[in-house]
Amino acid sequence: MELGWLVCGTAVLLLLHVLMELSPAVNFALRIGFYCALCLVSSALAAAACLLVNGGRTVKNMRIIKAVVKTFKYFFGLRFEVKGLENFEVEGPAIIVSNHQSILDMMGLMEVLPDNCVQVGKKELMYTGTVGLIIYLGGVIFINRKKTSSAKMVMAEIAKTMAADNLKVWVYPEGTRNCTGDLLPFKKGAFHLAVQAQVPVIPVVYSSFTSFYNPKTNLFTSG
């Protein structure tokens, strides 16, 4: 019986390997599926570590999350080249703004994320299983993009919290993922927040992923 399972398992793996080599669509689907599964499993493990070490929701948990996510690149053969980290060396709070290309941005984010920095994300992320749990524990600030008045109230609270807790806040001003290689029009929230809190704005740029990741062409390779 065990030998039969071993033979079947080996045959399935070989078939998947052949399909990945022959079909870009299958290769893309399997790699994305593995990425999502890795996020869910790692989030569950990291959440347990965050609760044991820090006891609940706090920006301190981002150190644990950062350490876990920084291992992801090895599973996918990705390498990040970082330039300009010295620009994060500012005293006190700041707004960090960056472009947002894909779900892979999270890996790049954790390569450079400064201490005491939280992200602003859409409220829907809270309902993504263990991923929603871990980003909640990491102190991510959720806004309801469908309600402008609610988002403005959240931003006003963020301004107060930044000053009180000496936080840096990471915002994607395009408001959504954009893998076109260009920039979408910026939402104004991040800049209103910078003016309201009287803090500097630090720009961050992800270079284009299109040479190794492009959902429209089912491309997802190392790079």
Side-chain angles (χ1 to χ4, degrees), residues 57-62 65-66 69 80 82-128 131-132 134-210 213-216:
R57 176 176 165 87
T58 170
V59 68
K60 293 178 182 178
N61 285 327
M62 289 310 303
I65 298 168
K66 184 176 178 178
V69 174
F80 292 90
V82 178
K83 298 179 181 178
L85 275 180
E86 66 277 4
N87 292 295
F88 285 148
E89 297 172 3
V90 297
E91 292 292 332
I95 301 294
I96 302 170
V97 296
S98 74
N99 57 323
H100 187 17
Q101 296 183 64
S102 77
I103 58 175
L104 303 187
D105 287 350
M106 178 179 66
M107 288 191 278
L109 169 68
M110 295 304 167
E111 292 290 318
V112 300
L113 188 73
D115 286 339
N116 225 35
C117 179
V118 297
Q119 299 85 54
V120 173
K122 57 185 180 181
K123 188 178 180 181
E124 291 85 349
L125 290 173
M126 291 181 65
Y127 311 112
T128 53
V131 173
I134 194 61
I135 59 180
Y136 169 81
L137 290 173
V140 169
I141 300 164
F142 299 103
I143 60 171
N144 188 343
R145 297 183 302 177
K146 296 178 181 178
K147 292 185 178 180
T148 304
S149 59
S150 174
K152 286 181 178 178
M153 288 175 61
V154 171
M155 288 297 186
E157 289 300 316
I158 295 173
K160 296 177 184 177
T161 305
M162 287 176 68
D165 297 339
N166 193 28
L167 288 178
K168 291 181 175 63
V169 177
W170 191 299
V171 183
Y172 296 105
E174 290 173 284
T176 189
R177 292 193 295 264
N178 171 35
C179 59
T180 63
D182 203 348
L183 289 173
L184 296 175
F186 283 4
K187 308 292 184 183
K188 298 177 182 179
F191 308 100
H192 284 309
L193 179 58
V195 172
Q196 188 172 351
Q198 288 296 288
V199 298
V201 175
I202 305 172
V204 173
V205 179
Y206 289 90
S207 57
S208 176
F209 290 176
T210 53
Y213 179 85
N214 190 337
K216 292 181 180 179

**OP:** Take K168 and V90 through the test side-chain contact (heavy atoms from CB on, under 4.5 Å) and record every step on the way to the result.
**Re:** CA-CA 10 Å; K168 291 181 175 63; V90 297; 3.7 Å; yes

**OP:** Kindly indicate, with the supporting measurements, whether the criterion side-chain contact (heavy atoms from CB on, under 4.5 Å) is fulfilled by M107 and F80.
**Re:** CA-CA 9 Å; M107 288 191 278; F80 292 90; 3.7 Å; yes

Subject >> Residue pair P93 / L167, side-chain heavy-atom distance below 4.5 Å >> reply: no

Subject >> Interatomic distance, Y136 atom OH to R57 atom CZ [nearest 0.5 angstrom] >> reply: 5.5 Å

Original post:
Is a side-chain N or O of Q119 found less than 3.5 angstrom from the main chain of Y172, in a donor-acceptor match?
Top reply: no

Subject >> Other residues, nucleotides, ligands: >12 heavy atoms within 6.0 Å of K60 NZ >> reply: no

Subject >> CD on Q196 to NZ on K160, rounded to 0.5 Å >> reply: 8.5 Å

Subject >> For S207 against Q101, the heavy-atom pair lying closest together >> reply: O-NE2, 2.7 Å

Original post:
Between V120, V201, I141, I96, which is the residue that forms a side chain to side chain contact (heavy atoms under 4.5 Å, CB included) with V171?
Top reply: V120

Original post:
Taking only residues at least two apart or on different chains, which pairs with a member in residues 101-121 satisfy ring-ring contact (aromatic ring centres under 6.0 Å, His included)?
Top reply: none

Original post:
Got a sec, which pairs hit ring-ring contact (aromatic ring centres under 6.0 Å, His included) with one end in residues 183-210, sequence neighbours left out?
Top reply: F209-F212

**OP:** Could you tell me whether the side chain of N87 and the main chain of I202 form a donor-acceptor pair under 3.5 Å?
**Re:** no

Original post:
Below 4.5 Å, heavy atoms only, C-beta onward: do N99 and V205 meet side chain to side chain?
Top reply: yes

Subject >> Straight-line distance of M110 CE to M62 CE, nearest 0.5 Å >> reply: 3.5 Å

**OP:** Determine, stepwise, if the pair F88 / V204 fulfils side-chain contact (heavy atoms from CB on, under 4.5 Å).
**Re:** CA-CA 10 Å; F88 285 148; V204 173; 3.8 Å; yes

**OP:** First locate atom CD1 of I135, then atom CG of L125, and finally report the distance between them rounded to the nearest 0.5 Å.
**Re:** 4.5 Å

**OP:** Indicate yes or no: at least one non-hydrogen side-chain atom of V169 is less than 4.5 angstrom from one of I158.
**Re:** yes

Original post:
Side chain of T210, backbone of N214: donor and acceptor closer than 3.5 Å?
Top reply: no

**OP:** Supply the atom-to-atom distance T58 OG1 to D165 CG, rounded to the nearest 0.5 angstrom.
**Re:** 9.0 Å

Subject >> Validation row: I143, K123 side chains within 4.5 angstrom (heavy atoms) >> reply: no

Original post:
Should M106 and V69 count as side-chain neighbours, where that means a heavy-atom distance under 4.5 Å?
Top reply: yes

Original post:
Would you find more than 12 non-hydrogen atoms of other residues, nucleotides or ligands less than 6.0 Å from E91 atom CD?
Top reply: no

Original post:
How many angstroms lie between CG in L193 and NZ in K188, if you round to the nearest 0.5 Å?
Top reply: 15.5 Å

**OP:** Work out which heavy atom in A190 is nearest to a heavy atom in V97; give both atom names and the distance.
**Re:** CB-CG1, 3.9 Å

Original post:
Which one of V140, L113, V118 satisfies the side chain to side chain contact (heavy atoms under 4.5 Å, CB included) criterion with W170?
Top reply: L113

